[in-house]
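These notes concern the structure reproduced below.
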Protein chains: 2
Amino acid sequence: MARPAQPLLNRDLIRDTALAIIDRHGLVGLTMRRLAEKLGVQAASLYTHYPTKEDVLDAVANLLVAQVDTSGFEHGWREGLRTWGRSYLGALAAHPNAVPLIASGTGRRDTFLAMANAVHGGLTGAGWPPRVATTISGAVKYLVIGAASTPFASGFADDVQVYLDRYPHLTQAHRLRSDAERIDQESFELGLSCLIRGLEPGPG
Amino acid sequence: MARPAQPLLNRDLIRDTALAIIDRHGLVGLTMRRLAEKLGVQAASLYTHYPTKEDVLDAVANLLVAQVDTSGFEHGWREGLRTWGRSYLGALAAHPNAVPLIASGTGRRDTFLAMANAVHGGLTGAGWPPRVATTISGAVKYLVIGAASTPFASGFADDVQVYLDRYPHLTQAHRLRSDAERIDQESFELGLSCLIRGLEPGPG
DNA sequence: ACCTGAACACCGTTCAAGT
DNA sequence: ACCTGAACACCGTTCAAGT
């Protein structure tokens with residue numbers, strides 16, 4: 001066909017399809033050939049729209065981070081941190097296979113900077129000195145990235161019996177996979193609430 | 001040569017060499033062929049000692065986690081959490097390129113379970129109910145993984161001028177790379193100290 | 001500008017063959 | 001048991017060629 005009358009591809013379509021493949025088959029399951037196949041096209045065609053696979057992955061990472069809500073700072077730094085942290089974790093937890101893209105991200109991507117800028121502005125606007133604002137936002141980010149990266153559910157899953165006798169302390173709490181999601185939630189909320197409480201009474 | 005009188009390889013040598021390559025060339029820079037080359041051997045030879053590349057990476061992950069110090073719980077849960085968190089982060093920060101191995105680890109690896117078991121035992125031994133102990137150790141783990149995964153230094157590095165005008169709030173705090181290490185340190189310590197303080201007065 | 005087909009230099013892994 | 005050499009099925013990416 002060579003050049004079609006109507007373009008078959010565009011950047012958003014490629015990015016969204018890439019995310020769908022990552023969700024279904026994992027990060028390793030995403031190859032340029034498979035991505036092209038799903039789009040009914042040859043792998044080489046993708047390079048008309050993205051210079052490298054890395055750029056496709058950057059686009060996916062930006063898509064996820066763009067959904068993060070930083071509007072909570074309008075209601076104060078406590079609500080701002082809570083809203084930001086929860087929506088950030090929510091955006092990542094919705095696509096667990098894509099989390100490594102964000103976790104080891106360089107921070108050079110547009111939406112990352114926009115998010116960092118909004119958070120930093122929210123904290124300094126509430127009166128926190130810039131240096132402290134950076135430290136605070138770092139701590140929340142660590143909780144989010146940590147919670148999204150190693151959800152409790154990912155370990156201790158299948159062959160529980162194997163280590164039940166070797167690691168006696170783990171038997172109680174780690175047995176049920178059904179508890180994992182609640183544990184993840186509780187650990188993150190514990191960290192977040194302790195951090196906010198530890199920052200009282202606020203700046204100044 | 002076929003079978004040499006003295007074996008050329010063993011599992012520890014392969015694992016240590018793999019880590020050295022990861023340190024120098026990154027996780028993507030580690031290939032079975034390059035690993036073999038550095039060992040003066042053919043790639044196929046590696047499969048006598050490790051069934052897959054994945055198993056080599058597991059061995060590297062276990063090597064790092066094995067260095068984590070959980071002995072602090074002998075001096076109470078506060079000191080235990082501090083020692084554990086700091087040595088865990090220290091072990092990962094010494095090999096930043098290997099962090100994704102631990103961050104997205106399945107938790108199925110021996111040393112991971114041993115570490116989790118020690119921490120859980122330390123917390124329950126101090127009087128924390130098993131369920132709460134799991135939540136607490138999760139929060140500390142999130143801080144460690146988050147801090148190791150996205151050190152502040154990794155972002156905002158080179159082309160600062162590009163976004164200085166677009167993200168005004170970031171100009172103050174993000175300009176200097178020399179500040180990055182201190183920021184990383186402070187954010188982690190802030191999260192850790194807030195958590196421990198938030199858990200006062202302790203169990204019961 | 002946009003897509004194809006074929007090629008390039010790589011991968012992880014397998015396996016018969018040698019000692 | 002331990003290593004080799006060659007092969008297999010894959011990669012990401014390039015590029016001349018077509019419309």
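Chain identifiers are assigned alphabetically (A, B, ...) following the order of the sequence lines, protein sequences preceding nucleic acid strands; residue numbering begins at 1 within each chain. Since the model is a prediction, treat every value here as computed from it, not as a measurement.
- Computed from coordinates, the Q42(B) CD to dG12(C) C1' distance equals 15 Å when rounded to whole Å.
- For the side-chain contact (heavy atoms from CB on, under 4.5 Å) with V140(B), the lone residue among L81(B), V119(B), I196(B), L123(B) that qualifies is L81(B).
- Partners of S193(A) according to the side chain to side chain donor-acceptor pair (under 3.5 Å) rule, which considers only residues two or more places apart in sequence or in another chain, do not exist here.
- Nearest to the side chain of A44(B), among dT4(D), dC2(C), dC2(D), sits dT4(D).
- Not counting sequence neighbours, the partners of E79(A) by the salt bridge (Lys or Arg N to Asp or Glu O under 4.0 Å) test are R82(A).
- Judged as a salt bridge (Lys or Arg N to Asp or Glu O under 4.0 Å), and not counting sequence neighbours, the contacts of D12(B) are R15(B).
- Evaluation of the salt bridge (Lys or Arg N to Asp or Glu O under 4.0 Å) rule for D69(A) yields no partner, not counting sequence neighbours.
- N97(A) pairs by the side chain to side chain donor-acceptor pair (under 3.5 Å) definition with nothing, not counting sequence neighbours.
- Side chain of N117(B) to backbone of L113(B): no donor-acceptor contact under 3.5 angstrom is found.
- Among residues two or more places apart in sequence or in another chain, the side chain to side chain donor-acceptor pair (under 3.5 Å) test is passed with Q185(A) by none.
- Shown for residues 46-54 of chain A: residues whose heavy atoms fall under 4.0 angstrom of DNA chain C, namely T48(A), H49(A).
- Among the duplex regions that DNA chain C forms, those built from at least three successive Watson-Crick or G-U pairs under 3.5 Å are C:4-8 with D:12-16, C:12-16 with D:4-8, ordered by first number.
- Contacts between residues 12-36 of chain B and DNA chain C, defined by a heavy-atom separation under 4.0 Å, are made by L30(B), T31(B), M32(B), R33(B).
- Put simply, CZ on R11(A) is 14 Å from P on dC3(C), counting in whole angstrom units.
- Atom CD in Q6(B) sits roughly 13 Å away from atom C1' in dA1(D) (whole-Å rounding).
- Contacts classified as salt bridge (charged side-chain N to carboxylate O under 4.0 Å, His left out) and involving residues 86-102 of chain A (residues at least two apart or in different chains) are given here: R86(A)-E189(A).
- Taking 4.0 angstrom as the limit, S45(B) places none of its side-chain polar atoms (N or O) nearer than this to OP1 or OP2 of dC2(D).
- With sequence neighbours left out, the side chain to side chain donor-acceptor pair (under 3.5 Å) criterion links H49(B) to no other residue.
- Screening residues 35-55 of chain A for salt bridge (charged side-chain N to carboxylate O under 4.0 Å, His left out) gives no qualifying pairs among residues at least two apart or on separate chains.
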